[in-house]
Amino acid sequence: MIRIYNTLSREKEIFKAITPKKVNMYVCGPTVYNYIHIGNARSAIAFDVVRRYLEYRGYDVKYVSNFTDVDDKIINRAREEGVDEMTIANKYATAFDEDTLPLNIRPASVRSRATEVIPDIITFVQDLVTKGYAYESQGDVYFRAKKFHGYGILAHQDLAEMEANAAGRLNDEEMTRKEDPIDFAVWKASHSEEEISWQSPWGKGRPGWHIECSVMSQKYLANTLDIHGGGIDLAFPHHTNEMAQSEARTGQKFVNYWMHNGFVNVNNEKMSKSLGNFTTLHDMLANYDDPMTIRYFLATTQYRRPINYSSETLEQARGALDRIRTGYRNLLFRMDNAVVGSDSTIEDEIKQHVRDFEFAMDDDFNTPNALASVFELVTLANTYTDENEVKKATAELLLESISTMMGIFGVDGLADRSELTTEQKSLLEARVVARQMHNFELSDQLRNQLRDLGISVEDTATGQRWKHER
RNA sequence: GGUAAUAUAGCCAAGUGGUAAGGCAACGGUCUGCAAAACCGUCAUCGCCGGUUCGACUCCGGUUAUUACCUCCA
């Protein structure tokens with residue numbers, strides 16, 4: 001039984017899929033006007049973990065996400081660089097795919113761009129106008145927020161308050177275009193020949209920000225979604241508006257479980273351009289040699305909690321991940337002389353830790369608790385490695401359990417699979433001989449040589465072991 | 001101002017009405033030719049003040065601090 005915290009009810013609710021063993025989930029993707037930052041990566045990772053765990057639990061998950069490729073920020077960026085909007089969008093959409101790959105973020109089942117669904121958007125907006133939920137005004141089309149019963153409940157905002165705030169913010173011109181300050185644009189008129197636009201019943205223009213997600217989720221999934229996710233800042237206005245539009249059009253509940261991930265702060269401050277602490281994933285990957293540590297770091301805090309990113313917290317993550325990797329490799333090393341058979345006591349313990357892991361993940365994807373079970377397994381792996389006799393089936397079960405759980409976090413490559421050079425191999429062989437002859441001076445010298453070549457050597461009861469130093 | 005969230009050891013981070021998981025770091029020990037890895041052990045009374053209770057860190061009230069959202073930022 002999986003429980004999920006629903007932003008709408010502010011409670012953990014028992015998860016029940018609309019169709020048994022199938023999950024339709026939609027996660028808001030980035031606006032492709034720049035490289036994604038570490039916060040975008042966190043969001044993508046959080047929902048990648050949700051997806052992986054649901055699949056582990058036997059659900060067939062259809063995961064739809066978007067690229068917002070038409071929007072003010074893209075238009076501005078294009079103007080700055082003197083290129084057209086699609087050049088910008090294509091560049092950063094490609095960069096998204098390239099940068100999320102080393103973090104092991106699985107591609108969406110469907111990744112759609114706003115510009116690919118323009119006809120659907122226009123139809124959607126027309127429906128809203130027909131139903132009286134939207135109105136045209138000077139080429140723009142606005143949604144009548146107040147006509148939608150329950151507007152703002154997702155973000156738990158007070159309607160009158162929002163209205164007053166919005167009124168204070170808008171200029172006179174905007175006020176005259178809108179019937180009410182809290183109305184939001186579903187279609188925006190084009191004001192310049194140069195900017196990208198499409199022909200519509202209301203003249204040339206482009207979609208409002210929120211409409212694409214409503215359209216795509218309905219087009220690629222269904223009227224009612226099992227799960228809709230995104231950053232907590234999207235609860236208002238983005239998801240609030242999506243919900244209003246979608247439910248206004250279909251008359252059906254839009255989303256069963258609203259999930260929102262917490263922010264990534266940098267050195268305890270909100271990441272923002274004005275503070276100069278805006279860290280793109282692109283730069284981070286270029287300056288850090290272990291992407292799996294980044295993945296581990298971002299995946300192992302509970303998704304609703306904020307993460308504080310600093311060089312110190314990242315290094316701590318690396319140390320913790322190294323403990324898991326080492327335990328895994330320690331056991332893998334013993335596989336060579338493992339004997340046929342199994343140890344039922346050990347296997348019972350393994351199974352208990354796996355159950356604990358599942359129990360933690362079932363509780364709103366409590367990754368820190370789940371991780372504790374992984375560490376229990378690692379300790380078990382290490383103590384088992386120290387035994388005189390290791391049984392093959394049991395060792396395999398341990399290895400498999402650890403890699404499966406880490407795989408749910410999206411952390412792969414626990415074993416060191418890189419090859420040795422001929423030089424490294426011969427040095428290692430020479431060192432084995434030196435040690436057999438108790439020539440420790442030579443063996444220490446060879447160990448230093450190997451270290452300089454990036455190989456660390458350890459002596460164990462069952463022989464010499466090496467690994468690549470990172 | 002409104003609405004929320006958070007406050008647990010040097011750091012990160014769980015958790016529960018009955019006296020605090022896990023990890024990093026540190027220290028002591030075992031093992032080792034040395035080392036490494038590993039193992040064993042040590043290391044907090046849960047922001048502050050009240051209240052409820054046989055008993056609270058866990059519930060209630062207040063208070064302080066930090067953070068977020070309040071129209072386009074994940």
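Chain naming here is simple, since letters A, B, ... match the order of the sequence lines and numbering starts at 1 in each.
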Rounded distance in Å - [atom1] ([X]) to [atom2] ([N]):
X	N	atom1	atom2	answer
A/Asn439	B/C34	CG	C1'	14 Å
A/Asp322	B/C12	CG	P	20 Å
A/His238	B/C69	NE2	C1'	16 Å
A/His239	B/C72	NE2	P	15 Å
A/Met361	B/G15	CE	P	13 Å
A/Glu387	B/A38	CD	C1'	13 Å

For atom [atom1], what is the distance between [N] and [M], given to the nearest Å?
N	M	atom1	result
B/U3	B/C57	P	29 Å
B/G18	B/G22	C1'	23 Å
B/G28	B/A37	P	16 Å
B/U45	B/G33	C1'	46 Å
B/A56	B/C46	P	12 Å
B/G10	B/A26	C1'	9 Å
B/A4	B/G41	P	46 Å
B/A20	B/U58	C1'	11 Å

Could you check whether [X] gets within reach of a base, just the sugar-phosphate, or nothing at all, counting any heavy atom under 4.0 Å?
X	answer
A/Leu371	nothing
A/Ile36	nothing
A/Lys467	nothing
A/His210	nothing
A/Gln302	sugar-phosphate
A/Pro181	base
A/Ala166	base
A/Asn261	base
A/Gly262	base

Side-chain N,O ([X]) to OP1/OP2 ([N]) below 4.0 Å:
X	N	answer
A/Arg323	B/C39	yes
A/Asn366	B/G15	yes
A/Arg305	B/A13	no
A/Asn330	B/A37	no
A/Asn382	B/A38	no

What's the closest nucleotide to the [X] side chain, out of [options]?
X	options	result
A/Asp233	B/A74, B/G10, B/C39	B/A74
A/Pro368	B/G33, B/A37, B/A13	B/A13
A/Thr379	B/U71, B/C69, B/C39	B/C39
A/Asn165	B/A4, B/G23, B/U71	B/U71
A/Gln316	B/C24, B/A37, B/C72	B/C24
A/Arg435	B/C72, B/C24, B/C34	B/C34
A/Val264	B/U3, B/C24, B/A74	B/A74
A/Phe440	B/G33, B/U71, B/G10	B/G33
A/Lys73	B/G33, B/C73, B/A38	B/C73

Does any donor-acceptor pair link the side chain of [X] with the base of [N] at a separation under 3.5 Å?
X	N	result
A/Arg447	B/A35	yes
A/Asp459	B/C34	yes
A/Glu161	B/C70	no
A/Asp444	B/G33	yes

If you assign A/Phe263 and A/His156 each to the RNA chain B nucleotide with the nearest heavy atom, which residue ends up on the more 5' nucleotide?
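It is A/His156 whose nearest nucleotide is closer to the 5' end.
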If you pin A/Phe184 and A/Gly319 to their nearest nucleotides in RNA chain B, which one's is more 5'?
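Its nearest nucleotide being more 5', the pick is A/Gly319.
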Partner lookup for [N], please. Criteria are Watson-Crick or G-U wobble with both distances under 3.5 angstrom; report none if nothing qualifies.
N	value
B/A26	B/U42
B/C57	none
B/U6	B/A65
B/U52	none
B/U32	none
B/A21	none

Strictly under 6.0 Å, is that where the ring centroids of [X] and [Y] end up?
X	Y	answer
A/His210	A/Phe143	no
A/His37	A/Tyr35	no
A/Phe47	A/Tyr257	no

For A/Asp362, is there an ion pair with A/Lys12 - N to carboxylate O distance below 4.0 angstrom?
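Salt bridge: no.
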Carboxylate-amine/guanidinium contact A/Asp140 A/Lys178, below 4.0 Å:
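Here A/Asp140 does not pair with A/Lys178 in a salt bridge, since their nearest N and O are not under 4.0 Å apart.
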Quick check, does A/Phe375 stack with B/G22? I mean ring centres under 5.5 Å and planes off by under 30°.
no
Side-chain donor or acceptor of A/Gln302 paired with backbone N/O of A/Arg304 under 3.5 Å
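Checked: pair present.
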Do [X] and [Y] get their side chains close enough for a donor-acceptor pair, meaning under 3.5 Å?
X	Y	value
A/His238	A/Glu242	yes
A/Arg77	A/Tyr92	yes
A/Ser43	A/Asn261	yes

Is NZ or CZ of A/Arg111 both nearer than 6.0 Å to the six-membered ring centre of A/Phe67 and within 45° of the ring axis?
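Positive - A/Arg111 is close enough to the ring of A/Phe67 and near enough to its axis.
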